[in-house]
Protein chains: 2
Amino acid sequence: MARKIKLSDIAEALGVSTATVSLALRDSGLVAATTRDRIKDFAREIGYIYNRRAASLRTSKSGLVGVLVQDIINPFYAEVLHAIELELDRSGHTFLLSNHNDDLEKQRRGLETLLQLGADGVIISPAIGTPASEIEMCEKNGMPVVLVARTVDGVKVPSLRGDDAFGIGLATNHLISLGHSRIAFIGGTDETSTGRERYRGYRVAMKSGGLPDRADWRIEGPRTKRAGYDATEAFLALPDRPTAAVCWNDLVAIGLMNGLAHTGRTPGVEISVTGYDDLSEAEIAMPPLTTVWNGQSVVGERAAKALVSRLRGLESAKPAEMIRPVLRVRESTGVPPAGL
Amino acid sequence: MARKIKLSDIAEALGVSTATVSLALRDSGLVAATTRDRIKDFAREIGYIYNRRAASLRTSKSGLVGVLVQDIINPFYAEVLHAIELELDRSGHTFLLSNHNDDLEKQRRGLETLLQLGADGVIISPAIGTPASEIEMCEKNGMPVVLVARTVDGVKVPSLRGDDAFGIGLATNHLISLGHSRIAFIGGTDETSTGRERYRGYRVAMKSGGLPDRADWRIEGPRTKRAGYDATEAFLALPDRPTAAVCWNDLVAIGLMNGLAHTGRTPGVEISVTGYDDLSEAEIAMPPLTTVWNGQSVVGERAAKALVSRLRGLESAKPAEMIRPVLRVRESTGVPPAGL
DNA sequence: AAAACGCTTTTAAACGTTTTAGGTCGCCGC
DNA sequence: GCGGCGACCTAAAACGTTTAAAAGCGTTTT
C-alpha cells in the first residue's frame, strides 16, 4: 500500500493551500465553485480518504455514537437497534455497537472505550445494578447519555421505555376476562427496573381482579426461549396448577409453548400463554402468540432523536418518556378448559 | 463539564514532562517505578481520560476492527459475531459493528467510514454482488480484510465459511436414506456464493441418489422465519407434492414447520423438514429440528484470529478455509408416510 | 488617490498524543 | 579528575486536519 494521501498532497498538486482544500471538500461557500470542483474531482481521482481522527482531534466532534445493550442477539433489542440505526443514519452519525451481557465491568470498559474514542454521545440499556455515578461520569466528561428500555434511579438523563406495569396489566386482565383465575408469572428477574415493573403490573392486575398473586406462582429465570422451554416442567409442577401463564417476553412464551407442546399439551387450549414485546415472530408462532406490543421501534427512534437533539444543544424537554403498550390478541389464549 | 484533562495537565501538576507521563501511563520500563506510580495514581485520581484519537493520529493504529454483516438480527450472524467479539476482546481490539442488508451502497459507506476512522482491519460477510475491487480498495488503503460466511470471486484474502455443498448433502442424504424420493428445496437465492453452493449440494445429492432434482421443486425466497412460513402454501401446491423439504436454514425450516402445523399437519410425520445452521433454537423447536451445524462459532473465532494475525504482520498461511458441517438428527424428519 | 468592499485564498496556530534523539546526573573504575 | 556507563528524564517534532485572522486583488466609492 502506498503512503496515505493527505490534504497537503492535493494542495501541492493543485497549487493551493491545505486550507482551501479543506474548505472545498466540505463544500464551504468560501471557496470559488471552479476551485471547489477542481479540488473535489482531483481528490476523487487519486482516491483521497478523509482522516476523521485528525479532523476530530481538531474539532472535538467525532460523529460517533455508542450504543450499548445487554444482548444484541435478543430480537427485542435487535428491533430497537434497527430503529436507532435508521435515525442516526439520518443525522449523519456512525454508530458503534457493543453488548455488556449485564456485566458491570464489561459495561464500564465499553463506556471507557467510548470516552477514549471521543464518542459524541451514547444510548445505553444499562446493565443490572448500574450505579448512577457511572452515568454521571459520562455526562461529566461531555458525553451525553440517553437510556433505553431500562432506567437507573436517581439519574436525570432522558429515558425511553415502555410502560411495563401497564402492559403486563393488559395481558393479565385479558386472561382474567377470559375466565382464568390461576395465573402464573414466568421468567425474568426483579433485579432490573423492567423486572420490578412487570411483576408489579401482574400483581396489581391480579389483586384488582380479586385474585391471589401467590409468590409461589412466580418462576424467575433468564429471558430466552431456552429458559421458557426449561420452565415447562416447573410450571406443570406448580401447586394448584395455573391454567395460564403470563410470560416475561415473547421468547420465554414461545419456549414455554414449545415445551408444553412437547408434553402433548396444546397451548391456547389446555394452557393459555401470553408473551411480551410482539416480536415479528409472535405472529407466526405455533399457535400465534397473544402478546403486548412494547413499542420497540418507537423507543429506538425516540431515543436516537433525544440524543441527537441533546447533541445539537437543545436539551431534551422531557427527561423520561413512557411508550404505551398495546395488547395483541391471537390464539395462544382462550377460555380455561372446562372443569378447570 | 470541565475542560478535558490531558497529559500536559498531569505533567504540569507533577512537575514532569508529557513524555514521561505518556511513557508512565503505558507502563514503559523507561520510567522509574516510583515516578510511574505517582503519575498513574494522580491520573486516576483526577479522572484522566486517554485520548485515542490523538494517540492514533500519531501512531496510525486505532485499535478498531470493523465487522460488517448482512443482518445482525439473524441469529446465525449473532452467533458468529459473538465468537468474533470474544476473540477480538482477547487481542485488545474494539469492534465496530454494522450491517449492510445486502445493500451495496450501504456496504460501501460502511467501508468508507471504517477507512476514515482508520480501522485496523475489517471482517466482512460481503453483500450480494460485491465486486472484488471493493475489497481490494480496502486492502490497498492498508485495511486488511477477512471474509466470513460468504466469499467473493477473484479476491485473495482469507475467507472462512462452512462447506455448504457438503452440509446440504448431509441433510439431503439423510432424507433419502429415510426413504424420501420427492424432496423440495426451500428458501434462499442463487445470488450469493452460499446460495449457489447449497443448491448445488442438494442437486448433487439428489442425482447421486438416483432422484430427480426438479427445478420446480425449488422455492426461492428470503431467509427468515416469516419467509418459511409464507412458503407453506407454495410448498403444499407443488406438483407431485414432495414428502420432505430441505430448507435453506433453521429460520426458514421453523417457519415452514409452523406453517404446516397451522394447516393441521405434523412436521416430522406427514412432512419431513431439515434446517441448516443448528441455531440454539433448533433443539427446542416443535418438533425439535433435524439440521446441520454450520460451525458458526468456529467460523467467527477463526476469522478473528486470521485478522489478528494479519494485523500482527504474519500473513495468514491459508487464504480460504472450509469448516466441515455436522448433521444433527432430531424429530422433524422421519420415514415418508405410508402409501406415499 | 485613498478608502472601502466582496470575494477568494493563505498563514499559522491549534488539537493531544508518541517517539526520536539527546541531556543530566551520580557513580564507578581508573 | 576524567571517561564511560546506566538510569532516568525531556525537548521538540510529528501525525493530518480545522479555523481565526489576515491578506491579496480588482472594483467601486468617496
Side-chain angles (χ1 to χ4, degrees), chain A residues 1-40 42-43 46-64 113 115-120 141-142, chain B residues 1-40 42-43 46-64 113 115-120 141-142:
Chain A
M1 137 227 176
R3 219 176 59 31
K4 288 240 172 80
I5 295 160
K6 49 191 178 186
L7 283 191
S8 63
D9 296 326
I10 300 180
E12 215 165 303
L14 261 37
V16 296
S17 74
T18 60
T20 307
V21 177
S22 172
L23 292 168
L25 291 179
R26 281 172 303 140
D27 285 321
S28 159
L30 291 176
V31 1
T34 58
T35 318
R36 169 167 36 75
D37 293 346
R38 205 159 54 99
I39 291 174
K40 292 182 85 168
F42 185 70
I46 62 172
Y48 167 71
I49 288 173
Y50 178 70
N51 185 331
R52 283 211 210 186
R53 329 216 266 312
S56 90
L57 178 58
R58 176 62 223 250
T59 60
S60 62
K61 285 286 128 218
S62 65
L64 252 32
T113 298
L115 246 11
Q116 294 183 348
L117 289 173
D120 294 338
N141 283 288
Chain B
M1 133 227 178
R3 222 178 54 35
K4 289 241 171 80
I5 295 159
K6 49 191 176 187
L7 283 189
S8 63
D9 296 327
I10 300 180
E12 213 165 302
L14 262 38
V16 296
S17 74
T18 60
T20 306
V21 178
S22 173
L23 292 167
L25 291 179
R26 282 172 303 139
D27 285 322
S28 158
L30 291 177
V31 1
T34 59
T35 319
R36 168 164 41 73
D37 293 346
R38 205 159 54 98
I39 291 175
K40 292 182 85 168
F42 185 72
I46 63 172
Y48 167 70
I49 288 173
Y50 179 68
N51 185 331
R52 283 211 210 186
R53 329 217 265 314
S56 90
L57 177 57
R58 176 64 224 247
T59 60
S60 62
K61 286 285 129 220
S62 64
L64 252 32
T113 298
L115 247 10
Q116 294 183 348
L117 289 173
D120 295 338
N141 283 289

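A note on names: the letters A, B, ... follow the listed sequences, proteins ahead of strands, and every chain is numbered from 1. The structure displayed is predicted, hence computed values, not measured ones.
Atom P of nucleotide D/dC15 and atom CZ of A/Arg53 are separated by 13 Å, given to the nearest angstrom. Per the geometry, CD1 belonging to B/Ile49 stands 15 Å off C1' belonging to C/dT17, to the nearest Å. One can place CG of B/Leu25 at 15 Å from C1' of C/dT19, the figure rounded to the nearest angstrom. Atom NZ in A/Lys61 sits about 15 Å away from atom P in D/dT18, given to the nearest Å. Rounding to whole angstrom units, CG of residue B/Leu57 and P of C/dC15 are separated by 14 Å. To the nearest angstrom, P of C/dG22 lies 17 Å from CG of B/Leu23. Regarding B/Leu30, its CG atom lies at a distance of 16 Å from the P atom of C/dG22, rounded to whole Å. Here C/dC15 presents its C1' atom at 13 Å from CG of A/Asn51, a figure rounded to the nearest Å.
Which of C/dT19, C/dT17, D/dC9 sits closest to the side chain of B/Ala19 comes down to C/dT19.
Annotation: the span from A/Ile5 atom CD1 to B/Asn141 atom CG amounts to 7.5 Å, rounded to 0.5 Å. Distance check: A/Leu7 CG to A/Thr20 OG1 gives 10.5 Å after rounding to the nearest 0.5 Å. The line from NZ of A/Lys4 to CD1 of A/Ile49 is 7.0 Å long, rounded to the nearest 0.5 Å.
Taking side-chain N and O atoms only, B/Arg26 has a distance below 4.0 Å to OP1 or OP2 of C/dT18. Not one side-chain nitrogen or oxygen of A/Thr59 sits closer than 4.0 Å to the OP1 or OP2 atom of D/dT18. In this structure, B/Tyr48 does not reach the C/dG16 phosphate: none of its side-chain N or O atoms is under 4.0 Å from OP1 or OP2.
A distance-only check finds no donor-acceptor pair linking the side chain of A/Ser22 to the backbone of A/Thr18 [under 3.5 Å]. With A/Asp9 contributing its side chain and A/Lys6 its backbone, the two residues share a donor-acceptor pair below 3.5 Å. A donor-acceptor contact shorter than 3.5 Å is absent between the side chain of A/Ser62 and the backbone of A/Ser56.
Taking 4.5 Å as the limit, some side-chain heavy atom of A/Lys40 sits within range of a side-chain heavy atom of A/Leu25. Here the side chains of B/Arg36 and B/Ser28 are not in contact, with every heavy-atom distance at 4.5 Å or above.
Closest heavy-atom contact between A/Ile10 and A/Phe42: CG2-CD2, 3.8 Å.
Contacts between residues 7-17 of chain B and DNA chain C, counted as heavy-atom distances below 4.0 Å, involve B/Leu7.
Between the axis at the start and the axis at the end of the helix from C/dA1-D/dT30 to C/dC30-D/dG1 there is an angle of 70°, using five pairs per end and rounding to 10 degrees.
Residue-to-nucleotide proximity on DNA chain D shows that, of B/Arg58 and B/Thr35, the 5′-proximal contact is made by B/Thr35.
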